[in-house]
Amino acid sequence: MKVDVLVAEIGSTTTVVNAFKDLNTDNPIFWAQGQAPTSVLDGDVRIGLQGAVDDLCKKMNIDSLEYDEMLATSSAAGGLKMTVHGLVYDMTAKAAKEAALGAGGIIHYITAGKLRRTDLAKIKEIKPNLILIAGGVDYGERDTALDNAEKIRALGLNTPIIYAGNIENQEEMKLIFDEESGQKLYNVENVYPKIDDLNVEPCRKVIQDAFEEHIIHAPGMEHVRDMVNGPIIPTPGAVMECTKLLYDCLGDLIVLDVGGATTDLHSVATESDKIARIMIAPEPKAKRTVEGDLGVYVNRMKVIESIGEEQMKKDCEKMGIDLEKTLESYVAIPKTEDEFKLVERLTKEAVLKAVERHAGIIRYIYGPSGRSTVAEGKDLTQVKYIVGTGGALTRLPHRIELMEGIAKHNETGMMLFPTEHARILVDNDYIMASLGVLSKRYREAAIRLLEKSLDFQFPEKKEQEIAVNAKFMADVDRELAEAKAKEEEYRKHIEECEAMGYDMTAFKEEEAIGGASAEELEAARKAAMAEADEKTAMRKGGGIKGKWAAQTENGGQYMGDCTHDCKHCTRRNCPNRVE
């Protein structure tokens, strides 16, 4: 049997392979799936990959499987471990963090300012796969990033370095991380080139390229290229790629991935005009957050702690289950009815907490001028779709209700949550990560496969363009209406002042807010042409004409403000000057 593409998801514990056929047709097929224990820690990734292929063959009752291409995503051996080092936490460090998370990195340490001895010791302990250095807007502060680079080089690591700070430092960085350093340097555009301007996408692409280049040298992964002949990207980065693909098809959305150890939330959305006016700091259009304490198996006790032990017991009593007994029997994947109920309660908490931490909030600040309203964080109020992926949100019986609870959780209305109008979709085939990497080679096929997995027909692009145009025209109409309202308000104000006895003649002569009329424009054009003619005549020796001159008693001309004091006048070109 032969298929077009196999996509391998190499996880920390399990390796999954998904087989796809007919990718160059209008009806691509997700054909089959196989899985086996990951063998990276055993020293050879090929063992687990081959085991997953054998499992697929067994399920499909075939002797062997051939394929044209094998692509891969990987989170094995802890995934893409990164440390991030910026200048100011709320600016360059935050921007670098957003770039790393969106590319699929797992950030183990973030610093702001110059590195201390304790920071350097922490970096050595973590042994990151990549180090990201940022700092300073373009043509701004330079020294902090250079100082940090010198200290990181002195650690003697072989870790690749990505520099995404002040572009004036790029040549210096090349000198610091030269061939003798043993560290590959990637110079990339500044993630924070100027105040309130995030530029994270170029850095994200370089992070994924660096990951693919260096993952093949990781222990156990040295022979991955013997089987995988296509792109290899971090699994969370693949989900983000799929989320961005969905955004192109559907518009603003979020993707929730509740797992056994973490809960990831990916969003691609733009803020509303209303929120944009009061936003105090920029947010990336594509954002990912990783909640390391919100896992429904590995971190189940932390989730219970978040709920509150007493509240959890009350909830379990209502569901008719014994909490302690169910926790003892529950192993990774729920099997009994009581275990499903328990995991659903844990998933509900993970979903709500993850959205709380990802979404922004409206708050009040007080100053000399009184109370002001501001918005902080990511605005999700424009989100049209909420997509569930991962084991919990694709397999639990009440997964739809769990995601519908997001909007209801915003009781105060102060959190920038999706509204009740957002539609719920589920990645039923649990293949979003595979389709993220597949989309790099087979974009249209990935879109068709997403439609099948989500059980949802995407609107035609033409319809989307019409909707965009309709929104644009609505915005234009709104702006015109606002301008007319201001003009009317201005006119009424003048009338009210006149009624009180004020002379408003000067204000009436001002240009109307809505702009000049056609008659006014024509009059201005004629005046400008007349003036040009007069100046031309002056250059040809015709003397001063029109508004620039006035008649004397004997028929001559002089300047309109002439004092007849020729002896002291400085106008040497006056035609009536008397020496």
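- Nearest approach of Cys203 to Ile162, heavy atoms of both residues: SG-CG2, 4.2 Å.
- At least one side-chain heavy atom of Ile280 sits under 4.5 Å from a side-chain heavy atom of Glu376.
- Considering all non-hydrogen atoms of both residues, Leu450 and Phe458 come closest at CB-CZ, 4.0 Å.
- Atom NE2 of His358 sits about 9.5 Å away from atom NE2 of His266, to the nearest 0.5 Å.
- Of all heavy-atom pairs between Pro282 and Leu198, the closest is O-CD1, 3.7 Å.
- Side-chain N or O atoms of Lys81 include one that pairs as donor or acceptor with a backbone N or O of Ile126 at under 3.5 Å.
- Evaluation of the side-chain hydrogen bond (donor to acceptor under 3.5 Å, both in side chains) test over residues 390-413, restricted to residues two or more places apart or in two chains, returns Glu344-His398, Glu356-His409.
- Here Glu201 pairs with Arg204 in a salt bridge; the nearest charged N to carboxylate O distance falls below 4.0 Å.
- Of the possible donor and acceptor atoms, none in the side chain of Asn190 sits under 3.5 Å from a partner among the backbone N and O of Ile167.
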Would Asn166 and Glu141 count as a side chain to side chain contact (heavy atoms under 4.5 Å, CB included) here? Give the steps. CA-CA 7 Å; Asn166 184 344; Glu141 202 272 354; 5.9 Å; no

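- Looking at Lys348 and Asp315, no side-chain N of the basic residue comes within less than 4.0 Å of a carboxylate O on the acidic one, giving no salt bridge.
- Looking at Asp257 and Met432, their side chains never come closer than 4.5 Å, going by heavy atoms from C-beta outward.
- For the atom pair Lys194 NZ and Asp138 CG, the distance stands at 9.5 Å (nearest 0.5 Å).
- Few gaps surround CG on Asp147; more than 12 heavy atoms of other groups in view lie less than 6.0 Å from it.
- Listed by first and then second residue, the side-chain hydrogen bond (donor to acceptor under 3.5 Å, both in side chains) pairs that reach into residues 291-308 are Glu291-Arg357, Asp293-Arg357, Ser306-Glu349, sequence neighbours excluded.
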What verdict does the salt bridge (Lys or Arg N to Asp or Glu O under 4.0 Å) test give for Lys492 and Glu489, after you've listed the backbone C-alpha separation in whole Å, the side-chain angles of each residue and the deciding distance to 0.1 Å? CA-CA 5 Å; Lys492 286 182 178 179; Glu489 183 181 348; over 6 Å; no

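- Ile131 CD1 to Ile152 CD1: the interatomic distance, rounded to the nearest 0.5 Å, is 5.0 Å.
- Using a cut-off of 4.0 Å between Lys/Arg side-chain N and Asp/Glu carboxylate O, Lys174 and Glu171 are scored as salt-bridged.
- Contact annotation: the side chain of Thr159 never approaches that of Thr83 to less than 4.5 Å [non-hydrogen atoms, C-beta and beyond].
- Between Asp248 and Lys244 there is no salt bridge, since no side-chain N of the basic residue sits under 4.0 Å from a carboxylate O of the acidic one.
- A donor-acceptor contact under 3.5 angstrom links the side chains of Asp427 and Ser453, judged on distance only.
- A distance of 5.0 Å separates CG in Leu120 from CG in Leu115, rounded to the nearest 0.5 Å.
- For the pair Leu393 and Val426, the minimum side-chain heavy-atom distance is 4.5 Å or more.
- No side-chain donor from either of Asp252 and Gln382 sits under 3.5 Å from a side-chain acceptor of the other.
- In terms of modelled atom types and a separation under 3.5 Å, the side chain of Asp379 and the main chain of Ile275 share no donor-acceptor contact.
- Nearest heavy atoms, Thr111 versus Ala93: O-CB, 4.0 Å.
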Report the C-alpha distance between Leu253 and Lys384 in whole Å, list the side-chain angles of each, state the deciding distance to 0.1 Å, and finish with yes or no for side chain to side chain contact (heavy atoms under 4.5 Å, CB included). CA-CA 6 Å; Leu253 78 157; Lys384 301 171 186 173; over 6 Å; no

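- Residues Ile133 and Phe177 form a side-chain contact, since some pair of their non-hydrogen atoms from C-beta on lies under 4.5 Å apart.
- Counting heavy atoms from C-beta outward, Thr243 and Arg288 have side chains that stay 4.5 Å or more apart.
- The backbone N or O of Val206 sits nowhere less than 3.5 Å from a side-chain atom of Asp209 that would complete a donor-acceptor pair.
- Across Ala433 and Thr73, no two heavy atoms sit closer than the pair O-CG2, 3.9 Å.
- Not a single donor-acceptor pair under 3.5 Å links the side chain of Lys97 to the backbone N or O of Ile107.
- Counting only heavy atoms from C-beta outward, the side chains of Leu416 and Leu380 never approach each other to under 4.5 Å.
- Here the side chain of Lys122 pairs no donor or acceptor atom with the backbone of Tyr109 at under 3.5 angstrom.
- Under the side-chain contact (heavy atoms from CB on, under 4.5 Å) criterion, Arg423 pairs with Tyr385, Leu425, Phe456, sequence neighbours left out.
- For Glu317 and Lys314, the salt-bridge test fails: no basic side-chain N is under 4.0 Å from an acidic carboxylate O.
- Counting heavy-atom neighbours within 6.0 Å of Lys94 NZ, excluding the residue itself, gives a total above 12.
- In this structure, the side chains of Tyr430 and Thr389 come closer than 4.5 Å at one or more pairs of heavy atoms.
- Within the 3.5 Å criterion, the main-chain N or O of Gly113 finds a donor-acceptor partner in the side chain of Asn148.
- In terms of heavy atoms, Leu132 sits closest to Ala164 at CD1-CB, 4.1 Å.
- With rounding to the nearest 0.5 angstrom, the NZ atom of Lys124 is 14.5 Å from the CG atom of Asp119.
- Gln457 and Glu451 share a donor-acceptor pair across their side chains, judged by distance under 3.5 Å alone.
- Atom CG in Leu396 sits 5.0 Å away from atom OG1 in Thr347 (nearest 0.5 Å).
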